Amino acid sequence: AESDRDGGDEGSSASGGTFIFAGAGDPKNFDPIFNDDGESFRPIRQIYDTLVTHKPGTAELVGGLAESWENDPSGKVWTFKLRQGVKFHDGTPLDAAAVCANFDRWYNMKGEAAQSQMIYYTDVFGGFAGNPDALYDNCKAQDPSTAVLTLKRYKGAFPGAFALTAFSIASPEAMKKYDANTVTQNGDSFSYSAFANEHPTGTGAFVFGGWNKSTGEITLNKNPDFWGDKAKVDKMIIKIIKDENTRKQELRAGTVQAIDFPAPADRKALAGEGYKVLDRPAFNILYLGINQKNNPKLKDFRVRQAIAYALNRAQLVQTKGPGGAKVADQFLPDTVVGYAGDVQKYEYDVNKAKQLLSEAGATGLTLNFYYPTEVSRPYMPNPQEIFTVLANDLQAAGIKVNGVPRPWNGGFKDDVQQFGKHDLHMLGWTGDYNDPGNFVGTFFGRAKAEFGDDAMTDMFDAIGKADATVDPAGKKAAFEQVNRDLAAKWLPAVPIWHAPPALATAKNVEGLVPSPLTAEEFNTVSLTK
Amino acid sequence: MVRVISRRLIQLVVTLVALTTLVFFWLRSLPGGPVDALLGERATPQTRELLTRALGYDQPIWVQYGRFLKNVVTGNFGNSIRTGEPVTEVISRSFPATVELALAAIIIAIGLGVPLGYLAARYRGRLLDNATIIVTLIGISIPIFFLGYLLKDWLTQGVHVFPPSGRISTGTNNTEVTGFFVLDGLLTRELDASADALWHLVLPAVTLATIPLAIIVRITRASVLDVLDEDYIRTADAKGLRSPTIRKRHVLRNALLPVVTIIGLQTGALLAGAVLTEKVYNWGGLGTLITDSISGSRDYPVLQALILLAAAVFVVVNLIVDLSYAIIDPRVRVR
Amino acid sequence: MSGALVEIDDLKVHFPIKSGLFFDRTVGHVYAVDGVSLAIQRGETYGLVGESGCGKSTLGRGLLRLVEPTSGGITFDGTDVRALAGEKLRLFRRRMQMVFQDPMSSLDPRQSVESLLTEGLKAHGLRTEMQQRLRSTLDSVGLPASALRKYPHEFSGGQRQRIGIARALVLGPELIVADEPVSALDVSIQAQVVNLLDDLQESLGLTYLVIAHDLAVIRHISDTIGVMYLGALVEEASADQLYERPLHPYTRALLSAVPIPDPQVEDHRERMLLVGDLPSPANPPSGCRFRTRCPWSQERCATSRPELRVFDDSGQRVACHFAEDILSGALRPHEVQAELVRPEADSGLGGELIPTQPDLPTQ
Amino acid sequence: MSPGGISALADHKRRRIEELIARTSEPGGVSLLRDAGRRLLRNPTAIVGATIILLFLVIAIFAPLVAPHDPIQRFPELTKDLTVDNIPGPSAGHPLGSDPLGRDFASRMIYGARQTLFVGVLATLIGLLIGVLLGALAGAAGGWVDVLIMRLTDVMLALPSLLLAITLVALASESTQWTVIMAVAIVNVPIFARLLRGSMLSQRESDHVLAARSLGVKQRDIVLRHMLPNSLTAVIVQATLTFAVAILDAAALSFLGLGDPDINRAEWGLMLGVDGVRYFEVRPELAYFPALAIILVALGFTLLGESIREALDPKNRR
Amino acid sequence: MPLLDVRDLSVVFQRKGTRPVTAVDGVSFTVEPGQTVGLVGESGCGKSVTSLAIMGLLPRRGNKVTGEVLFDGTDLLRLRPQDLRDWRGRDIGMIFQDPLSSLNPVIPLGVQVAEVLERHQGRTRQAALREARELLDAVGIPDPSRRLKEFPHQLSGGMRQRALIAIALACKPRLLIADEPTTALDVTIQAQILTLLKDLVDSSGTALVMITHDLGVVAGLCDTVNVLYAGKVVERAYRHHLFAEPRHPYTDGLLQSVPRLDAGRGERLHQIRGSVSDNIPWSEGCAFAPRCDRVVDACIGETVPLEPTFRGGALRCANPVPLEVPA
Ligand SMILES: Nc1ncnc2c1ncn2[C@@H]1O[C@H](COP(=O)(O)OP(=O)(O)OP(=O)(O)O)[C@@H](O)[C@H]1O
Ligand SMILES: Nc1ncnc2c1ncn2[C@@H]1O[C@H](COP(=O)(O)OP(=O)(O)OP(=O)(O)O)[C@@H](O)[C@H]1O
Ligand SMILES: [Mg+2]
Ligand SMILES: [Mg+2]
Ligand code: NI
C-alpha cells in the first residue's frame with residue numbers, strides 16, 4: 001500500500017520477506033517504562049511510539065504520536081496535539097486519555113519493586129506520588145486529541161526526554177488486562193507482568209509476535225494498520241547473538257541480514273566483501289575521570305591539565321578507534337546543542353605535561369587507575385586495550401600508573417561511582433536525547449563520588465543555571481560557556497573520544513537508517529532480490 | 001541398591017546445602033552484587049536506595065539467608081538479574097540444549113574412541129597406534145575454544161558446509177516438546193527441523209567431543225593392553241578359543257569396565273567444555289548461561305542455581321555410572 | 001633363664017566391618033583372633049601353624065601391639081604390655097621385634113640398607129654405638145659391609161630377608177616375632193634363613209614366635225607348636241609330641257596333608273583328606289569351629305565350644321571334646337559333606353559399591 | 001662331602017666365575033628413583049617431552065636476552081599504520097610484526113614463555129602444596145580430620161574443574177593475575193589431596209610402615225620419612241600432567257573474559273584468548289602462534305608426565 | 001612313540017634396550033601316554049616358560065622360540081597360530097598357578113566351562129552347560145547347577161582351582177599341563193587338589209606334565225622327574241631313583257635343604273650357598289658352578305652335556321654325587 005518510495009529503486013525493491021537482525025544481547029521485557037538498556041529498547045521501539053521522536057538518522061526532534069507540542073513560557077505546561085486515527089495493536093484508539101493514562105500510571109506506580117526498575121522515570125521525573133521532588137503534577141485530556149501535561153517545575157530535559165523510548169505510550173486497555181503494574185520481587189530480581197512479557201501493546205510499525213527464548217529469537221510482525229510508513233517486510237526477527245565474531249559469521253553465512261556492533265576489526269573485511277557497514281552518527285563520549293578526593297595532587301588544576309596533555313588521543317583514535325571515532329575535546333558530540341567550537345584543546349604534548357607536573361610539584365606522581373573488565377560498551381569496545389594505551393601515555397609523561405582492573409558489575413561501578421576508591425578511571429555515556437544536560441549535567445551537575453569534586457561549586461552552579469534556562473538561545477549560550485570552562489578552568493575529567501557504534505547489513509538490505517541514539521526504526525527496511 | 005542410592009543422594013544433599021550456604025554468604029560479602037548488576041550507568045542514588053530496599057538488602061543477613069533457604073527448598077531460585085525470568089525457567093530451558101550437545105559429543109567420543117582405542121591396542125606399535133597416540137595427545141593439549149574457532153572458520157566461512165552458530169536455523173518454526181531439537185523434530189514429524197537441528201549440532205558436538213574422545217581412546221587402549229596381559233586371556237587361549245571369540249567375549253568386556261568409569265568422569269569435562277564450546281557456537285545452553293551470568297552481568301541467582309545443578313548432575317551421573325558398573329562387573333556388589 | 005617370657009591370656013582381636021547410610025556403622029566383626037592363650041618360654045621357639053586367614057599374623061601383630069587387641073592380656077617379662085601407651089610403648093618396642101614375610105614390601109624401597117638399619121637405633125636414641133652395632137649385626141646375619149650403601153631391590157630374596165632380620169636384631173630385642181620368614185623364599189634359600197635364625201637364637205639367647213603355614217619348617221625350628229584354626233588354638237604340644245601323637249582332628253589332617261619328598265613314604269602314606277574350605281572368620285561356625293570339616297564331629301560340637309585343655313601330663317593341650325575317643329578309636333570317622341564357603345572378598349569388602357573417584361584430570 | 005665350592009678351584013677358573021657373576025649383577029647404591037630416572041632417559045617419549053619443556057624453559061629464563069625488544073613497549077614504527085583492522089606484519093626489526101597495540105609480537109611470544117610457565121608452574125605448585133598439606137593431614141591424622149577434609153574435597157570435586165575455576169573467579173572480589181592463578185590452583189587441590197591421602201592410607205597399611213612402627217619409630221618420622229616420600233611419586237606424576245591443564249584452563253578463562261585483566265602481560269593464554277580471537281581475521285598469526293606454543297608446552301608436559309608414570313610403574317621394572 | 005616329545009626347546013626373550021634373556025635353554029624331555037612327568041625347579045628356572053612355549057602361549061612379540069615340540073608327531077611350533085588353537089583345549093589342557101586371575105572375572109563360571117565344549121565339540125550352549133554341570137560335579141564342586149551362574153570371585157581358592165581343572169579336562173585331552181596348580185593354596189586344600197588330579201588322570205589315562213617347585217608334590221605323583229636349573233634340565237630320573245639317589249649336586253642339595261616332616265628334627269639343615277641369581281651362562285660352563293659344593297675345574301669353560309644314565313635318566317654334571325655302594 002505504501003507507494004511513495006518504490007519509484008527510485010531498481011526493480012522490485014518492494015518488500016515482503018523476513019528481515020533477520022542480529023542483536024548483541026537479551027532484552028529484559030517489553031514494558032518500556034521498566035527498561036533502561038538498548039537491547040530491550042530495540043524491539044520496544046518497533047512495537048511502540050513515543051509522543052516526540054527523532055528524525056531518522058539524527059537526534060533532531062520531530063513529531064511522533066504528537067503531531068506537535070507546545071511549552072508555555074513558564075516551561076511547566078506541555079500541550080500535545082495528537083495524531084488522529086492512531087490505533088493501538090489491540091484496536092483501542094490512541095487519544096489524549098490514553099496518553100494521560102500512561103503519565104498517571106508512571107507517577108502513581110506502587111511498590112518499591114516496580115519503582116526501583118523505572119530508572120529513566122526516576123531520573124527525568126524525579127520521583128513518584130508522595131515524593132516532594134516529583135516533577136509530575138497532572139495530565140489532562142483537553143479533548144480527545146489534545147493532552148496537557150503539567151509539571152511542578154521547568155526541566156531542561158524536555159522536550160527531548162519525551163522521545164525516550166522508556167516513555168513510549170502503551171495501550172491502557174492492554175495494560176489493565178495484562179496486569180502491567182504488577183512487579184514482584186523474587187530472590188535478587190523481579191518478575192514482570194504478562195503485559196511486559198507476552199502482550200506488549202503499542203502503536204508501532206510492528207506487532208509483537210513472540211519471544212522464543214530457547215533460540216533467542218524475537219519475532220515482530222508487520223502492523224498493517226500502522227499510522228506512518230508501513231513496514232516493508234512482513235516479518236522481522238531479532239536474533240540474539242552475543243559474540244561479535246559469531247554475528248559476523250552468521251551475516252556471512254547469509255543466515256541474518258543485518259548485525260549490530262560488528263567488531264571494529266572486521267569492518268574493513270566486511271566492507272570489502274560487499275557488506276554495508278553503517279556508522280551511526282556519534283552520540284557518545286568516553287572520558288578519563290579524575291577523582292580529586294584520594295590524591296590531593298589531583299586537586300591541582302595543573303596536574304589535571306598535565307594528564308590531558310599526556311594523552312595521545314589522536315593516536316588512540318587511530319589505533320584503537322572503531323570506524324568513525326573522533327577525538328573528543330568536550331563532553332558532548334557536536335550534534336548536541338551547547339557544543340562549543342572553540343574550547344581549549346589539549347593537543348598531545350609530553351613535555352608540556354612533564355613541565356606542568358614539575359610546576360605543580362607532582363613529579364613521581366602515582367595514580368590508581370581503575371578500569372572495567374568483562375564489559376564492552378559502544379563507547380568502549382575494549383576497555384583493557386584502551387586502558388593499556390592510556391596508561392602507557394601517562395607513564396611516558398612520568399606519571400606512575402597502578403592499574404586496578406575491576407569487573408564491570410563485580411565492583412567497578414561500586415568502587416568508582418559509589419565509593420570513589422580510584423584516582424583515575426575510564427567511563428563513558430551514550431546520550432538519551434538531544435540535550436546538553438543529558439551529558440555534562442549528568443556528569444558534573446552535582447558533587448559525585450566519581451569525581452570527588454565537592455569543592456567545585458562554581459561548576460555545579462554554572463551547569464545548574466544553564467540547565468534551568470528556559471529560553472533556548474540562552475540555554476545554548478550558557479552550555480557553550482560551560483563547555484569552554486570545563487576545558488579551560490575545571491577539567492574534572494578528560495574527554496577521550498566519540499566513537500559511534502556501527503551496523504552492518506547484507507547487500508540486499510535497503511533503507512536501514514542508523515540512528516545516533518542506537519534507536520533504529522525498521523519499518524523503512526526492505527529486502528531486494 | 002536402595003541403600004547405596006539413598007546414601008549417595010543424602011551425601012549429595014549435604015554437599016549441596018554446604019555449597020549453597022557457602023556461596024550465599026560469600027556472595028553477600030562481595031562488592032557489586034545484584035544492586036549494581038541491575039542498575040546501568042543511569043542509576044541515581046535514589047534508585048539505588050529504592051532497589052536496596054526492594055530486594056531486602058537492608059534486612060539482617062540471617063533474615064535474608066532464611067528467606068533464601070526457604071525459597072530454595074521450594075525450588076525457587078529467584079529471578080535472573082539479567083533477564084528477569086525465573087531462574088528455574090531459564091535453566092530448564094537451557095538444560096536440554098546442553099544435554100543434547102553433551103549427548104551428541106559423548107556418542108561421538110564413545111563411538112569413535114572405543115574402536116580407535118581398541119584398534120590402537122590391537123596394532124600396538126604400528127603406524128595406526130602411533131598416529132592415534134599422537135593425535136590424541138594433541139587433542140588433549142589443544143585449547144578447545146581455539147579448535148572450535150578453527151573448525152568454524154574452516155567449515156562455515158567461505159564454504160558453508162555447516163551453519164556457524166545456533167541450534168536451529170533462524171525463523172524455523174519448530175515445536176518444542178522436550179527441548180531436544182533433534183528429538184522434537186522427530187516427535188512432531190517436523191523432519192526438516194530435526195535435520196536442521198542435527199546439522200547445527202555437528203560442529204559443536206565434534207568440538208566438545210575432542211577431549212573426551214582423546215581420553216577414551218587412551219583409556220581404552222591402555223585397558224585393552226592390560227587385559228591382554230591378564231591370566232584369564234591366557235586361559236582362554238589355552239582353551240583353544242578362536243581369536244574373535246576371545247576378543248569379543250573376554251577382552252572387550254573386561255577392557256570396557258574402566259572406560260565406563262571414565263565416561264562418568266567425562267561428564268565433568270563435558271560440562272566444562274560446554275562452557276567454551278557453547279560460547280564459540282552461540283549454543284543456548286547451560287554453558288552460555290554460565291558465561292552470560294558471570295561475565296559482565298554477575299547474575300548471581302542464576303550462577304548459584306547453576307553451580308548446584310552442575311554438582312547434582314555430576315554426582316548423579318557418577319552414581320548412575322557406578323550403578324551400571326555394578327551391573328556389568330559382577331565383582332562389585334551393591335548391597 | 002627359664003620361665004615364660006611372654007604370656008598371652010584370652011587374646012581377642014576383632015576387626016569391625018563397617019558400612020552405613022551416611023556415617024559408617026559397624027555391622028559385624030572379623031573374628032581374626034578369638035580367645036588365644038599361650039605362653040612362650042624364654043629362649044625357646046614357639047611355632048604357630050594354620051591355614052591362611054586363620055589369624056596367625058594378627059595374633060603376632062596383636063602381641064606386638066601393632067594392631068590393637070580387642071581384649072585379653074599380654075604380659076612380657078612381667079610387664080603388662082596392654083597397659084603401655086604413648087612414649088612408654090614406643091620405647092618398649094625395642095624389646096620385641098618383628099620379621100616380616102615379604103622381604104620386599106617390608107623394606108622401604110626408598111631407603112638404603114644403612115638408613116633402614118639405623119632408623120630404629122635413632123628412634124631409641126642409640127646414636128653413640130650406632131656404627132659398631134651396625135657392623136656386628138650385619139656380620140651376624142652374614143651380609144658384607146658394602147651392603148650398607150645399597151638399596152633393598154638390589155638384593156636377592158634371601159639377602160633381603162637377612163636385612164629384615166638385621167633390622168629386627170639391631171635393637172637387641174629379647175623376642176622376635178617372625179611372620180612367615182621363609183615362605184616367600186626359594187627352596188634353596190629357605191635353609192639359609194632357617195639356619196640363620198637358629199644360629200642367632202643360640203648366640204643371642206633370643207626367644208622366637210615363628211609363624212608359618214609350612215608344618216615341616218615349623219617342626220624343624222620350634223620347641224613348642226601351636227596349631228591355629230579360625231582364630232583359636234586347637235592344639236599345642238612340643239614339636240615331637242605333636243608329630244608323634246596329634247590329638248586334634250585338624251592337626252591330623254594337617255600332618256597328613258604335608259607332602260613328603262620321598263616316594264617311598266608318599267606311596268604308603270595314609271591320607272586324611274579334609275573336605276571343604278576354611279570358613280570365613282567373619283561368620284565362624286557355632287560351637288567347635290572345626291566341626292564343619294571334621295569327620296568326627298558330633299552334635300555336641302555344634303553347641304559347645306571346646307576349651308583348650310591340658311590333655312595329659314605331657315603338657316599337650318587340645319581343644320576337642322572327643323580327643324580321647326578319637327585317639328582310642330572309640331569314635332569312628334564319618335562322611336563329611338562339603339559346605340560351600342564364600343571367600344572373604346565377597347562378604348566383607350565387596351559389600352559396598354566402589355565409588356568412582358573423580359580424581360582424574362579433565363580439561 | 002667336599003666343602004669349599006669355588007674356592008677350591010684353579011685360580012683362573014675362579015676368577016672367571018667371579019667375573020661372570022659380576023657382569024650380571026648391578027653396581028651398588030642405585031636407588032629406585034635413580035633406576036626410574038635411567039629408564040626415563042632411555043624413553044624417547046620422555047626425551048621429546050623433556051626437550052620441549054627445556055627449550056621453553058631456556059627461552060623463559062633468558063627471555064630478555066633472546067627477545068629483540070621490550071614486550072610491553074609500543075613502537076612508533078608499528079603504531080604508525082596500526083589500526084584495528086590493520087596490524088602490521090613482519091618488518092625489519094620486528095620479525096613477527098606487531099600486536100594489536102603496536103608492541104613487538106615476537107618479543108611478546110618469547111616473554112610469553114616466561115609468563116605462561118609462571119602461571120602454569122605457580123598454579124600447579126600452589127595447588128600441589130595445599131593439596132599435599134591437606135592430603136597428608138588427612139592421611140596421617142585419620143579420624144574426623146580425615147572425614148572433614150574429604151567432605152571438603154567432595155564439595156570441590158562436585159564441580160568440574162573449569163566450572164570451579166570460573167566460579168572462583170566470579171566469586172573473587174577482584175580480578176588480577178593472582179585470581180586466575182589461585183582459581184586454577186585451587187581446582188587441583190582436591191585432586192592432589194585425594195591422591196596423596198589414598199596413597200598414604202595404603203602406605204599406612206603397608207608392611208614397611210608396620211615395620212617402622214614395630215621399631216618404635218616416632219609417628220611423625222613415620223609420616224615424614226616413610227609414608228610421605230613413598231606417596232609423593234603419584235603426586236609428582238599428577239603435577240606434571242597438571243601443568244598442561246593449568247595452562248589450558250588459564251587460556252580458557254582468558255577466552256571467557258575472566259582471565260588476567262592486564263593485557264600488557266605477555267601470556268600465551270591471554271594472547272590467544274583475547275587478541276588472538278578478536279583479531280583472528282585481521283592477523284591470524286596472533287592466534288596461531290600462541291596456540292601452537294600452548295599446544296607444544298602442554299604436549300611436552302603430558303609426554304613427560306606419562307613417561308614418568310611409565311618409568312615409575314613397577315610393572316616396567318626389569 | 002611318546003605323546004609329547006620336546007626337543008631342544010629354547011626360548012630367548014629380547015626386548016628393545018635390554019639384554020636378551022635365555023629363559024629356556026635347550027630343554028628336551030618326553031611324555032608317554034598316560035604318564036606323569038614332573039618339571040621341578042626354583043623360581044625363574046624356566047618352568048612356566050617351557051609350558052607356555054609348548055602351548056604356543058608366549059607373548060607374541062619379544063621372544064624367540066627354537067627347537068621342536070612334537071605332539072603325537074606334529075610339531076606344534078610349526079603350526080599356524082589358528083591351527084594350533086584346534087589342538088589347545090582339545091588335545092592339551094592346561095592349569096595355571098593363580099586360579100583367581102586365570103578365570104575371567106565377569107563371565108559366569110558355566111559359560112567359561114561351556115565355551116570350550118562349544119568350541120571343540122560343537123555343542124550348543126544348552127548342551128554345553130549341561131555337560132559343564134557334570135564336569136563341575138566331577139571335580140567336586142558342591143551344588144554345581146548353582147555354581148554355573150556364579151562368578152569366580154564368589155568361590156574360594158580351592159573351588160576356583162577345581163573349576164580350572166574342569167575346564168582343562170572338559171574335552172578329555174590326552175595331555176594335561178599343570179603349572180604349579182597348588183602353590184597358591186593351603187596344604188589341606190593342596191592335598192585335595194592333588195588327590196583329585198591324580199584320580200582324574202588315572203581314570204582317564206591322560207598324560208600329565210606337573211610343574212612345581214615342591215619336591216614333595218613330585219614325590220607322590222610323578223613317574224619321571226626333570227630337574228631344571230637356569231633353563232636347562234640338569235637331571236632326569238624315575239622318581240624312586242631321583243629321591244633315593246640324587247646324582248646332581250643341585251638335586252642333592254635341594255633334597256637335603258628342605259626340612260622333612262617325618263625326619264628327626266633339630267640338626268642343622270644343609271644349605272646351598274648363594275642365591276638363584278648367582279649363575280654363570282651355560283655357555284661358560286655349568287650354571288650351578290658358583291653355588292656348587294662339588295665344583296671342579298671341568299665345570300667351567302666347557303659345555304657340560306646332558307648324558308644318559310644307566311638307570312634310564314639323564315644327568316648334566318661333570319662331578320656328580322657318587323652312587324652309594326650298597327652295603
Ligand atoms: N586390618 C584388618 N582389617 C580387617 N580384617 C583383617 C585385618 N587384618 C586381617 N584381617 C582378617 O583377619 C583374618 C586373619 O588374618 P591374618 O592375616 O591374621 O591371617 P593369617 O593366618 O596370617 O593368614 P596368612 O597365612 O594368609 O597370612 C583374615 O580373615 C583377614 O582378612
Ligand atoms: N615375557 C618375558 N619377558 C622377559 N623375560 C621373561 C618373560 N617371561 C619370563 N621371563 C624370564 O624367564 C625366566 C623363566 O621364567 P619362568 O616364569 O619360566 O620361571 P618359573 O620357573 O616358572 O618360575 P616361578 O616358579 O616363579 O613360576 C625368568 O628369569 C623370567 O625373568
Ligand atoms: Mg599372615
Ligand atoms: Mg612359573
Ligand atoms: Ni654337602
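In what follows, chains carry the letters A, B, and so on, assigned in the order in which the sequence lines appear, proteins first and then strands, with residues in each chain numbered from 1. Fair warning: this is a prediction, and the values are worked out from it, not measured in the lab.
Separating the CG atom in D154(D) from the OG1 atom in T15(B) is a distance of 5.5 Å, to the nearest 0.5 Å. Atom CD of E306(D) sits about 7.0 Å away from atom CD1 of I140(B), to the nearest 0.5 Å. Considering CD1 of I166(D) and OG of S293(B), their distance stands at 9.5 Å, rounded to 0.5 Å.
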Quiz item: Which is it for V280(B) and F255(D) under the side-chain contact (heavy atoms from CB on, under 4.5 Å) test, yes or no, and what are the steps along the way?
Solution: CA-CA 10 Å; V280(B) 172; F255(D) 169 70; 3.6 Å; yes
Self-check item: L272(D) and F145(B): CA distance, side-chain angles, deciding distance, side-chain contact (heavy atoms from CB on, under 4.5 Å) verdict
Solution: CA-CA 10 Å; L272(D) 170 65; F145(B) 65 88; 3.7 Å; yes
Practice problem: Start with the C-alpha distance between L162(D) and L276(B), add both sets of side-chain angles, then the distance that settles side-chain contact (heavy atoms from CB on, under 4.5 Å), and finish with yes or no. | Solution: CA-CA 10 Å; L162(D) 184 64; L276(B) 301 168; 3.8 Å; yes
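With a 4.5 angstrom heavy-atom cutoff, F280(D) touches chain B only via side-chain atoms. At a 4.5 Å heavy-atom cutoff, the contact between I290(B) and chain D is made by side-chain atoms alone. At a 4.5 Å heavy-atom cutoff, the contact between L303(B) and chain D is made by side-chain atoms alone. Using a 4.5 Å cut-off between heavy atoms, A244(D) makes no contact with chain B at all. The part of L150(B) that comes within reach of chain D is its side chain, from C-beta onward, which places non-hydrogen atoms under 4.5 angstrom from that chain. In this structure, the portion of V169(D) lying under 4.5 Å from any heavy atom of chain B is its backbone and not its side chain.
Contact record, L171(D) with W26(B): O-NE1, 2.5 Å, taken as the closest heavy-atom pair.
Using a 4.5 Å heavy-atom threshold, the side chains of I295(D) and P143(B) count as touching.
Heavy-atom pairs under 4.5 Å with chain B peak, among L163(D), L296(D), L299(D), I294(D), at L299(D).
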